[in-house]
Amino acid sequence: MEPGRKVEVFLQRYYQPEIETMDPAQLRQLQSERLVRQVRHVWDNVPYYRKKMEEKGLTPDDIQGLEDLHKLPFLSKDDLREAYPMGLLATPLSECVRIQSTSGTTGRRVVAFYTQHDVDLWEDCCARAIVAAGGSKEDVCQVSYGYGLFTGGAGLNGGSHKVGCLTLPMSSGNTERQLQFMMDLGATILCCTPSYAAYLGESLKEKGYSPADIPLRRGIFGAEPWTEEMRRDIESTLGIKAYDIYGLTETSGPGVAFECQEQKGMHINEDHFIAEIIDPDTGEVLPEGSKGELVFTAITKQAFPLLRYRTKDICVLDRTPCSCGRTHVRMSKPMGRSDDMMIIRGVNVFPSQIESVLLAQGYSANYQIVVDRANNRDSLDVNVELAPEMFSDTVREITQRERSLEGALKSMLGIAAKVHLMPPKSIQRSEGKAVRVIDKRKLVD
Ligand code: DLL
């Protein structure tokens with residue numbers, strides 16, 4: 001156990017035990033029935049989807065169960081753009097009670113619609129995640145994901161209510177007040193992005209507090225990639241156990257998958273989502289255990305039910321039994337997105353590879369990757385912040401540190417990177433999803 005981490009007590013094992021531990025054959029049967037019903041629902045109500053099925057020569061009768069899933073066409077972000085804003089809506093607008101949306105820096109935003117039934121099921125998924133992390137009605141749950149259009153705040157807020165936690169709807173930002181409320185109101189669970197958790201940990205230390213001074217016991221972090229090294233870092237600075245949670249706006253938001261206390265991947269809520277892994281280049285469905293792009297079919301959503309939606313997240317599914325007793329399949333941490341992968345001098349580079357080298361060498365996750373191109377040659381620069389105690393090093397020591405990091409990066413990536421060590425606090429902190437890659441080649445194209 002990390003120093004400063006408090007003792008863990010699990011008062012409740014599951015939020016919906018009958019579903020979370022359902023016999024796998026029964027679960028497949030449930031998925032089949034729901035799939036058949038959902039295909040009929042989109043066929044009847046979404047002309048856009050009906051056309052896509054017709055183009056493949058399909059009618060709902062061709063989908064009799066899970067074994068026919070592969071026949072359905074994929075949906076991608078391009079379809080969402082084309083059908084924006086309401087072309088994929090499957091219920092009358094008057095049945096919808098909510099929208100949420102992505103932060104979408106490029107292209108059109110994704111707008112997802114929810115009926116009250118959809119909100120309920122989504123909150124159940126988030127409640128499962130909170131209970132799996134050891135949460136119960138005895139907890140005070142500080143939700144520091146952004147509220148508003150982003151799904152993080154709304155989803156965890158709803159889940160926390162369902163579990164019966166006292167919910168602190170902090171939203172992101174105002175770090176001073178976050179720490180004050182955490183202490184004054186006795187927050188035991190923190191929900192936010194891992195980069196904001198790291199920032200809160202850093203601010204706590206700066207204020208002269210130790211992990212033992214705060215009541216927090218667990219964190220539920222997601223919405224962006226984070227490495228095991230970053231998990232250990234956050235766990236020790238906040239004195240908690242940190243759990244991963246995954247989801248995307250298109251499928252409702254957080255809670256599509258979550259970690260249990262075993263932390264051997266995230267259980268996908270398979271009664272609501274069917275997961276497949278495909279080859280991102282050919283679209284071919286890959287055998288279980290293969291690494292590829294995750295595809296989801298939402299089988300219970302009413303208003304915005306995407307079928308075979310390509311997430312672009314690259315991961316592996318694992319069906320080996322989990323000792324927590326949950327029977328739902330587990331997904332690995334996304335190893336990056338197929339559209340996150342940078343090709344630098346012909347080599348595939350994922351930001352997560354760079355992050356694990358930095359954290360393994362004792363640096364924090366405050367870094368920025370800058371890719372550029374001059375004279376037809378790609379350059380890779382990594383700006384890394386020094387911890388205050390390293391900053392006093394001599395120029396020679398700093399240069400040595402830079403060379404050592406460059407060596408480690410070269411052996412991880414197979415290509416050379418230039419490292420620049422920067423003064424403490426020189427890289428902007430993130431209150432939501434961190435922006436760690438600046439690809440100037442893309443800005444020019
Ligand atoms: O980030 C939903 C969410 C909110 C998940 C709070 C977890 C907690 P979007 O903004 O639509 O939705 O972004 C979805 O974020 O396709 C992944 O690439 C990435 N992502 C989400 N969770 C994780 C995670 C929310 N645990 C996109 N690890 C997804 C790595 C994640 N990447």
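Order of appearance sets the numbers: ligands from 1, and atoms from 1 within every ligand. Numbers here simply count residues along the sequence, with the first being 1.
For F181, the CZ atom counts as loosely surrounded, since its 6.0 Å shell holds 12 or fewer non-hydrogen atoms of other residues, nucleotides or ligands. In the displayed structure, E206 atom CD is contacted under 6.0 Å by more than 12 heavy atoms of other residues, nucleotides or ligands. Residue K425 places its NZ atom among more than 12 non-hydrogen atoms of other residues, nucleotides or ligands, all under 6.0 Å distant. Heavy-atom contacts from other residues, nucleotides or ligands closer than 6.0 Å to NZ of K264 number 12 or fewer.
Close contacts between ligand 1 and G152 involve ligand atoms 4 (C), 6 (C) [criterion: under 4.0 Å to a heavy atom]. Which parts of ligand 1 touch P334 is read off a 4.0 Å heavy-atom cut-off, strictly below it: atoms 28 (N), 30 (C), 32 (N). Which parts of ligand 1 touch D244 is read off a 4.0 Å heavy-atom cut-off, strictly below it: atoms 24 (C), 26 (N). Near T102, meaning under 4.0 Å from any of its heavy atoms, are these atoms of ligand 1: 11 (O). Counting atoms of ligand 1 from 1 in the listed order, those under 4.0 Å from a heavy atom of Y145 are 6 (C), 8 (C).
When the options H328, R128, R326 are evaluated for a side chain to side chain donor-acceptor pair (under 3.5 Å) with N269, the one that passes is R128.
Counting all heavy atoms, side chain and backbone alike, I234 lies closest to P194 at CD1-O, 3.4 Å.
Ligand 1 has an N or O atom lying under 3.5 Å from an N or O atom of D313, backbone or side chain. Remark: ligand 1 and I245 share an N or O pair separated by less than 3.5 Å (distance only, no angle test). Considering backbone and side-chain N/O of A223, one or more are found under 3.5 Å from N/O of ligand 1. Taking any N or O of T249, backbone or side chain, at least one lies under 3.5 Å from an N or O belonging to ligand 1.
Residue contact check for ligand 1: K312 places no non-hydrogen atom closer than 4.0 Å to it.
Among E224, K433, M266, the residue whose heavy atom lies closest to atom 15 (O) of ligand 1 is K433.
Classified by interplanar angle (parallel below 30°, tilted 30° to 60°, perpendicular above 60°), the ring pair F296/F273 is perpendicular.
For D118 and T115, the side-chain atoms include at least one donor-acceptor pair closer than 3.5 Å.
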